[in-house]
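Notes follow once the structure below has been shown.
Computed from a predicted model, the values in this text were never measured in an experiment. Every number for a ligand or one of its atoms is a count from 1 in the order of the listing.
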Amino acid sequence: MNKPRVLVLKKLPQEVEQYISDHCEIIQASSETHSLEQLKQLLSDVDGLLQSGLTIDEELLKHASRLKIVSNVSVGYNNFDTDAMKKYGVIGTHTPDVLDDTVADLVLALMLAAARRTAELDSMVKQGKWDQLKGDEELFGTDVHHATLGIIGMGRIGEAVAKRAKFGFDMNILYANRNRKPEAEEKYGAQYRTQEQLLRESDFVVVMAPLTAYTHQLIGKEQFQMMKPTAIFINASRGQLVDEKALIKALKEGLIQAAALDVFEQEPVDPNNPLLAMSNVVTLPHIGSATAKTRFDMAMMAAHNVVAGVTGDSPRNIVPELKPISL
Ligand code: DGY
């Protein structure tokens with residue numbers, strides 16, 4: 001019997017590739033080297049797709065009559081048009097849990113980098129400008145320990161951030177979320193606030209929510225106006241949660257002190273984006289989950305999902321909106 005065919009749009013670790021090819025025929029391509037038209041062509045003749053980032057909508061699905069499953073190598077699945085996937089009976093999976101601690105580590109790194117100005121001062125030292133300082137004050141930063149941290153979106157990653165902030169830095173934790181999280185309140189002393197209260201009270205504001213129609217541009221002009229002028233804003237979830245123009249204006253006008261961003265509205269970020277020229281903004285190239293071990297675990301989880309989906313088993317990590325679909 002012919003093996004099911006899986007289109008893989010990512011470079012996978014050898015062991016992961018081996019696992020898939022034990023069960024399926026792999027067709028390897030990539031969104032960088034193949035046009036959308038070429039990808040549609042390839043999709044017309046496969047049972048599964050393993051990838052991250054490609055928009056899975058009606059336009060794509062109507063070319064994919066054999067397709068049973070799209071397995072994202074990411075926890076975020078804002079690239080899924082879940083209504084269209086339901087209509088075409090295509091399952092969508094993602095990679096939750098395995099990256100929580102890794103992303104939370106990066107959030108702390110962003111907080112520390114912005115507060116203690118580590119990227120800015122690293123570049124000052126490397127440019128040989130240390131001896132040009134006029135006084136110690138030029139090196140002063142902001143304390144992270146004992147400050148108030150506001151987390152917008154208290155999911156698994158939000159909780160992992162709260163844990164580090166509470167036990168590592170004695171921070172006072174506030175959170176805003178659709179539902180109260182009694183366990184997080186008990187474990188980390190996290191206090192529930194409305195979003196507005198949180199923005200007004202926090203020294204550090206971290207957005208850690210998935211991108212949905214509700215969270216799109218959740219943070220804009222009005223929200224920056226509510227923040228303290230000393231506030232440090234951190235985004236490691238999705239760039240579209242923030243109105244980037246409003247962020248740039250808020251930083252220019254001193255509505256907030258600094259920002260640290262792992263994600264942008266457009267990725268890779270436009271080299272002319274004004275945020276890149278601001279010394280009080282830390283910028284990273286969307287590396288929240290990017291450690292060798294975590295990326296391996298994510299790839300293996302995505303591989304298990306796609307193999308299950310094309311061989312008639314139920315994948316473990318179907319996204320909530322598509323859970324009722326059965327093979
Ligand atoms: C995720 O898994 O969603 C990370 O942001 C990488 O895209």
- request: Spell out, as yes or no, whether a donor-acceptor pair under 3.5 Å connects the side chain of Ser74 to the backbone of Ser52.
  value: no

message: If we ignore hydrogens and angles and just use 3.5 Å, is the side chain of Arg180 paired with the main-chain N or O of Tyr192 as donor and acceptor?
response: no

Where ligand 1 meets Met298 - atom numbers and elements under 4.0 angstrom, heavy-atom basis: 2 (O)

- request: Run the numbers for me: atoms of ligand 1, each under 4.0 Å from some heavy atom of Leu99, listed by number.
  value: 2 (O)

query: What do you reckon, does His94 put a non-hydrogen atom under 4.0 Å from ligand 1?
result: no

message: To the closest 0.5 Å, what do you measure between CD (Gln266) and CG (Asn273)?
response: 8.0 Å

- request: Answer with yes or no whether the hydrophobic clustering places Val161 together with Val75; edges join I, L, V, M, F, W, Y residues whose side-chain heavy atoms lie under 4.5 Å apart.
  value: yes

message: Tell me whether Met85 shares a hydrophobic cluster with Leu39, the cluster being built from Ile, Leu, Val, Met, Phe, Trp, Tyr side chains joined at under 4.5 Å.
response: yes

message: Checking a contact table here: which protein heavy atom is nearest atom 2 (O) of ligand 1, and how many Å away?
response: Val75 N, 2.7 Å

- prompt: Considering only the protein, which heavy-atom contact is closest to atom 6 (C) of ligand 1, and what is its distance?
  reply: His286 NE2, 3.6 Å

message: Tell me whether Thr95 has any N or O atom under 3.5 angstrom from an N or O of ligand 1.
response: no

